Structures are given as C-alpha cells and as structure tokens.
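As a basis for the values below, the full set of heavy atoms in this structure was taken, side chains included, without hydrogen atoms, waters or symmetry mates. Just so we're clear, the structure is a prediction, and the values are computed from it rather than from any experiment. Naming convention: chains lettered A, B, ... in sequence-line order (proteins, then strands); numbering from 1 in each chain.
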Amino acid sequence: MNITNLSKIALSALMRNKFRAFLTMLGIIIGVASVIAMLAIGEGSKKSIQQQISSMGSNLVMVMPGSQMMGGVQQGNSSSKALEIRDVTAIREACPSITAVSPEVRGGGQVVAGGNNWPTTFYGGDVNYLDIKKVEIKAGRMFTEQEVNAAAKVCLIGQTVADNLFGNEVDPVGQTIRFRNIPVKVIGLLEEKGENTFGMDQDDLLIGPYTTVQKRILAITHINAILSSAVSEEATTQAVTEITAAMRASHKQAEGEEDDFQIRTQAELVSTFSSISDILTTLLGAISAISLLVGGIGIMNIMYVSVTERTREIGLRMSTGGRGRDILMQFLIESVMLSVIGGIFGIVLGVVASSVIGNLTGWPIAVMPEAVALSFVVCTAIGIFFGWYPARKAANLNPIDALRFE
Amino acid sequence: MNKEIISIKDLRKDFHVGEVTVHALRSVDLTIHEGDFVAIMGTSGSGKSTMLNILGCLDKPSSGSYLLDGTDVSNLSKNELARLRNLKLGFVFQSYNLLPRTSALENVELPLFYNNSVKPRERRERAMAALGAVGLADRVHHMPNQLSGGQQQRVAIARSLVNDPVVILADEATGNLDTRTSYEIMALFQDLNARGKTIVFVTHEPEIAGFTTRNVHFRDGNIVKQHAVENPGSAREMLSTLPVETD
C-alpha cells in the first residue's frame, strides 16, 4: 500500500466526520494561532525597543565617570569630575575603531523668551555631536568649529522648547533666548524625534558648543560624558577595548586598579532591554504552547475514540489484505492530517489575529517566519506523537476479534 | 477432477484458556476443489467458525497442514498471510461490514487499495465490473444507508469478487436477511458458482445448505458427516414460488 492510497483513505475517513474533524482541529488551530500571535507581539515589542535605542545614536559608545574615592568616602557617579577634555583628545588619537568622538556637557535650567519660559536641559557637544546622536537639523545651521573654540553663545533648539517659547507663529531661528539669564542666539531648529521607549521627550533640549555650556553657563572645567561612534556595530567591542586602554592611559591608572570610568554601549542597552522582552515573549509563548499541547491531547483522544469506533473497519481492512503497518500508517496519516491542516488554519488565523491586535492596540507586531515554520514542524510532530499510540493500538488488533467486535 | 484449492490434513487447533486447553478442532481433513460450492454446517461451538478463520488465513492452526492454492499457509508470517488474503481470498460477512458514508464503488475498491500493482484506473474499472456482476451497476454511487440489506450484501459480495479470489468465504451471509432476500443472495452465489467460482459457505440453516453442492457437518471439533447434495435446489426457482409482495 503506497502513501498516496493511504492519504486518500485517511482523507476520506476524515471527510466522513467533517464536524468532528473540525472540532478536533480547533484545538490545534487555537494553539498555533495563539503561539504565533503571542510571539508576534513579543517580537514586535523587541523590535520597537531596538529601533528606539538605535535612534539614540549610531553605534554609540558612551564613557561616563565612575565612582571615586575621596578621602576614603565613595562618591556617587553624578558628582564625579573624572572626565576632562584631554580624555576626549586621547580617545580621538588612540582609537581607530571609532569614527567620531565628542564631549558632552549638560545642565538643566529655565529658558526664557519674551513672556514665555520653560524648564529644559542644555546639552553641549562638539561639531560632530549631532551625527553621533543621530539628530537632524530641520531649519538653520549647525554651529561651527570657530564657534566651539570661541565659546559662542549659540544653540540649536528642540521642537518642544520651540513650541513652548514661540508657539507656531514665530520662526525660532534667529531669535535670542535666555538660559539661566545668559542670552543665547538660536541658529537652528532640530528635527523631531518624539518620545523614546522610556517615555522621555527627546525634543525637550537645547544643543550648543560644549565650551559655551561648560564655561559660560555651568562654569565648570570637567565634562559629563564622552560620546563616540564605533565604525560599525561589530566594531563596538573592539572600540570599547581601545577606549578603555586610552582612558586608563590618560588617567594614569596603575595595572590592577579599577577603572575610574564606565563605558556603556548601545549594544548593551539593546541586549538589556531585549532580554526583558525575550522573557515576555517566552512567557507568552509558553502559555500558548500549553494550549497547543491540549490541542494535541484532543487529537489523541479523538483518534482513540475513532480506533474503537472503527474496530470492525480495521478488521475488515485486515481481512482484505491490510497489514498491521498499513493500518498504523492510515491512522498516523489521519492524525498528522488533522494536526497539519489545523496548523495551516492556525497559522492563517494567527497572522490575521496578529495584525488585528496590532491595529486595535497600536502595538508593534512582527510575525516571525521562524515561528510559522516552527509551528508547522511542531504540528506534524504533534500529529505523529499523539497519533502513534492509538494507531499502534489499531495495528495490533487481532483481525478475528476486530471483525466480531460489537 | 478439478484442481485442489484447499487441502487440509490432520489439522488441529487448540485454545489455551488459563489452565484449560480447549480443542476447537481435532484432526480435521478436508479437500475443496475448484468450482465447489461447500456448506460448512454445525451448531455453535462445533468448530465451524474456527475452521473458517483458519481457511481465511486469519488464524493459524496448532498443527497439521493447510495448502491454499498450492501455498503452505502454516509457516507464513502475519504480513505474508495478509498478502495471501489480499490476492486469494474474498470474505462475505453476516453483517456486511461495509464502510459507512462511503459509496458502494469505494467499498468495493477497498481490497485493491492494498495491492500496489493495481493502478487507480484499473481499480475503478474492476470495481465497476464487480458491481455489475452482482446486479448493482445502477447503484455504484449510493451510500450503504441508501441501500437495502440485500443490496448491501451484494456490495459485500462484489467486494469479495473484485480481487478475483480463488475462493470466496461466506460467514452466515444470509443470517441477517429475510427469506426472500436470502434466496436472492443464494441465487447470486449459485450464479457465481455456475461461472466457476469456488465458494465456502458457513451456515446453520439446512435450507440454505440445500442450495450448495456439498455439505460438511462439524460437531465438537470433528467433521462428523460429509456428503454431496443430490439435486441442489435452485434459489431462483424457490424465489418464484414465494407469494408476491403486495405492498
């Protein structure tokens, strides 16, 4: 008996009990659909976090001050003054794996223009600061090298600040605003970035030359952080090694001494937040997998009922020349058909459900091709696994008893 | 004399039920030739069902030899027995054993599904021919529940014919039918026999056995009497003597 004949027999057996076959499949359909939808939601949230983080900068590697001992007292990171401009120079000279490096100085304060005022943060950077942080200019221009050297009182303004100070009517470019009572000229308007994953408004800022923020506004000599771009995502690790070496040399740290700075990379952030959403995805997937398992048990149950109900059919098939193997294959194919057809419907339903959920909730949804392929394989496996026992029971029947079964 | 289809010598069958051994068949000798129409008779417990199971290669004898169309069946494996059943035997059961919700044609095709050398086209043609031979050419696409008992049994007979077996084994094939339909079925068997088919018919009704050409009586696992039927009755003639149904 060849596989085509067996498939025909199995299919016609299923067609004899269409409604029952459908109900049995329903367990698999719901199981597969929920696995796919849940994984799509999980994967979607992961993708969106990754996008948000990568929008923070291009292959960003950040150096931040570490905690320091001052007279035996451990200081918090924020109070540290460990980073200075010479560190930036050291990194620029010693690290081939980075394309750009910029100091970052920041200070909060009230900004005033005419009758309006608004609390915001003034970020100071080098001329390549915008490229590193992936910020675009919507109108106006970037500040120049000369302006950095001269600590010129110029800035670029974020959309949120512009809206609050000038409203929609006035073009902010060319206006003069006062930050902590220091007059600063607005030379450019930044492209909107919106909120990031963590709910922070990325347009609520001013950006200017670091010298301006350092000397004219905050009156400090240290810097808050060093931002740099690695050549590529893969080069990030290499960049970290190089920066660490350059920083230790610049800080004249002895061997064995703990770093007095810390390095954060975008890749780290991505993996930290991805692992959170991975846990979520696994959890959702596991719950759905249970429903798939229940679906499989449903198939086993129905196959058992079917074998008992069709004992005489089995006896007849054996008496007309069906071997045990033929009977086994017939019932196995039947259960695999149930699970695979159910799986196909489930995949369709899962994809549809994913996009419906995505549309209704606005959550990012990404159907994973792997999940679809995996569901298909799992369905076949379920069919074989849960079909095996009933099918073997059928194949081992004694034809004489089976024929006389009432 | 015609060729020997079934040749049984000193065949025994014992069943072990716990400590007790039941001798279902004790030293049976039986020969059936091509073209025979044999009735196996006996009360329940006489061993006739065991005999039929062994004849049908569904069960193996405890000892003795059984040659079916020249093949020694005693030493064959389960799978070889299945193949033998597929090629050489046709079964007709008391309760028809048709697949429900499956057309007459597909029911008849069933044995050919288990024979790889038969292609789908040939399978269909042979099934159509078999249904034609039992007079159901116009019912091929009917489901069993759309057929009368007699028609269902005809489908079963067509199924037993479709693989062109060397012998048809019928087990109380008229047991579920009324007198008129029983005669119709027996007339069909007589026609088939007249066309050369070898038939072994198990029954406990002497009247039915009267339509065959030879009767073998079993009692307590032995053949107690074996005789040719003198002037076997014609089921077709008997049919015409029955009062015409008025409803």
Side-chain angles (χ1 to χ4, degrees), chain A residues 1-22 302 305-334 337 391-406, chain B residues 13 15 49-50 52-60 77-103 105-120 123 143-145 156 159-163 165 169 171-172:
Chain A
M1 180 104 153
N2 59 38
I3 210 89
T4 326
N5 284 353
L6 280 168
S7 306
K8 268 187 212 156
I9 288 175
L11 192 65
S12 65
L14 291 180
M15 295 305 279
R16 261 187 265 151
N17 273 310
K18 285 193 201 75
F19 193 60
R20 187 164 84 182
F22 171 73
I302 284 302
V305 172
S306 184
V307 166
T308 309
E309 193 183 79
R310 286 152 68 191
T311 301
R312 285 180 37 152
E313 175 189 331
I314 294 163
L316 174 76
R317 289 184 182 281
M318 286 174 161
S319 73
T320 57
R323 291 163 302 174
R325 192 168 46 179
D326 297 325
I327 306 296
L328 180 88
M329 286 303 287
Q330 178 192 334
F331 280 91
L332 260 191
I333 289 176
E334 228 173 90
M337 271 185 176
R392 215 191 51 174
K393 185 189 167 201
N396 287 345
L397 284 172
N398 177 345
I400 299 166
D401 299 337
L403 277 168
R404 309 238 184 297
F405 182 83
E406 295 296 332
Chain B
K13 179 71 187 178
F15 290 106
S49 290
T50 308
L52 189 78
N53 289 341
I54 290 173
L55 286 176
C57 299
L58 294 167
D59 207 351
K60 287 195 202 177
S77 73
K78 265 186 164 185
N79 286 346
E80 288 166 325
L81 286 178
R83 176 145 185 82
L84 207 60
R85 290 198 293 271
N86 184 245
L87 296 178
K88 306 218 168 189
L89 296 173
F91 288 89
V92 181
F93 303 97
Q94 179 174 2
S95 49
Y96 330 132
N97 278 5
L98 299 180
L99 299 186
R101 274 166 277 180
T102 304
S103 72
L105 185 64
E106 286 172 276
N107 263 296
V108 174
E109 281 181 336
L110 182 81
L112 302 180
F113 267 108
Y114 293 100
N115 185 345
N116 277 338
S117 61
V118 179
K119 299 277 167 291
R123 186 166 70 217
M143 301 293 161
N145 60 358
R159 183 180 60 200
S160 74
L161 284 172
V162 77
N163 58 345
L169 301 170
D171 187 6
E172 305 272 12

Other residues, nucleotides, ligands: >12 heavy atoms within 6.0 Å of A/R325 CZ: no
Indicate whether any N or O donor in one side chain lies under 3.5 Å from an N or O acceptor in the other, for B/N79 and A/R323. no
A/K8 atom NZ, neighbour heavy-atom count above 12 within 6.0 Å: yes
Steps toward side chain to side chain donor-acceptor pair (under 3.5 Å) verdict (B/T102, A/R16): CA-CA 8 Å; B/T102 304; A/R16 261 187 265 151; 3.3 Å; yes
Hey, could you give me the CG/CD distance between B/L110 and A/E313, rounded to the nearest 0.5 Å? 8.0 Å
Identify which part of B/D171 has an atom lying under 4.5 Å from any heavy atom of chain A, answering side chain, backbone, both or neither. side chain
Measure across B/F93 and A/S319 and return the closest heavy-atom pair with its distance rounded to 0.1 Å. CZ-OG, 3.7 Å
Beyond-backbone contact of B/R101 with A/S12, side-chain heavy atoms, under 4.5 angstrom: no
Does the B/R85 side chain pair with the main chain of A/M318, one donor and one acceptor, at a distance under 3.5 Å? yes
Please look at B/P165 and chain A and tell me whether the side chain, the backbone, both or neither of the residue comes under 4.5 angstrom of a heavy atom of that chain. neither
What is the distance from atom CZ of A/R317 to atom OH of B/Y114, rounded to the nearest 0.5 Å? 4.0 Å
I need the residue from A/N398, A/N17, A/L316, A/L403 with the largest number of non-hydrogen atom pairs under 4.5 Å to chain B. A/L316
Within a reach of under 6.0 Å around CZ of B/R83, are more than 12 heavy atoms found that belong to other residues, nucleotides or ligands? no
Looking only at A/G315, A/G322, A/P399, the option with the highest number of non-hydrogen pairs under 4.5 Å against chain B is A/G322
Sort B/N53 into side chain, backbone, both or neither according to what part of it lies under 4.5 angstrom from a heavy atom of chain A. side chain
Rounded distance (nearest 0.5 Å) linking atom OG1 of A/T320 with atom CZ of B/R159: 7.0 Å
Is B/L58 in contact with chain A via its backbone, its side chain, both, or neither, using a 4.5 Å heavy-atom distance? both
Name the member of B/S160, B/A82, B/G56 that forms the most heavy-atom pairs with chain A at distances under 4.5 Å. B/A82
